[in-house]
Amino acid sequence: NLSKISDAKIFDVYIDNDEELMKFGKIRSVPTIVIYQDRQEVIRWEADLSMKLRIDHEDIQEEIDKLTGINKF
């Protein structure tokens, strides 16, 4: 549930009709979650063969917190 993520901008992108965007994001499976910082890819999670993403929003938030320095102390 990405709506629970804080301290990050969330963009839903539908690549069905945008091959250029699919190539730019190097999307090989759907769903895919990519975290960018300063326009550079930092981490990526991609669906497995069953087309399911095996990560929850807490794990994603943890990575964001590492990048932003939130909860550092």
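Positions are given from 1 along the sequence. Everything quoted here is computed from the prediction, not taken from an experiment.
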Donor-acceptor pair, distance only, cut-off 3.5 Å: does the side chain of Asp56 make one with the backbone of Glu58? yes
I'd like a table of donor-acceptor pairs (distance under 3.5 Å, sequence neighbours excluded) in which one partner is a side-chain atom from residues 19-27, with atom names and distances.
unit_1	atom_1	unit_2	atom_2	d
Glu19	OE2	Lys23	NZ	3.3

The reported gap from CE in Met51 to OG in Ser29 (rounded to nearest 0.5 angstrom) is 6.0 Å
Please write out which residues are connected to Trp45 in a hydrophobic cluster, directly or through intermediates, given that two of Ile, Leu, Val, Met, Phe, Trp, Tyr count as joined at side-chain heavy-atom separations below 4.5 angstrom. Leu2, Ile5, Ile10, Ile33, Ile35, Val42, Ile43, Leu53, Ile55, Ile60, Ile64, Leu67
Are Glu41 and Arg44 close enough, and set up right, to give a side-chain contact (heavy atoms from CB on, under 4.5 Å), and what steps lead you there? CA-CA 8 Å; Glu41 182 176 324; Arg44 165 186 300 254; 2.8 Å; yes
Verify same cluster id: Phe11, Ile15 (apolar side-chain graph, 4.5 Å): yes
With heavy-atom distances below 4.5 Å as the criterion, would you say the side chains of Glu46 and Arg28 are in contact? yes
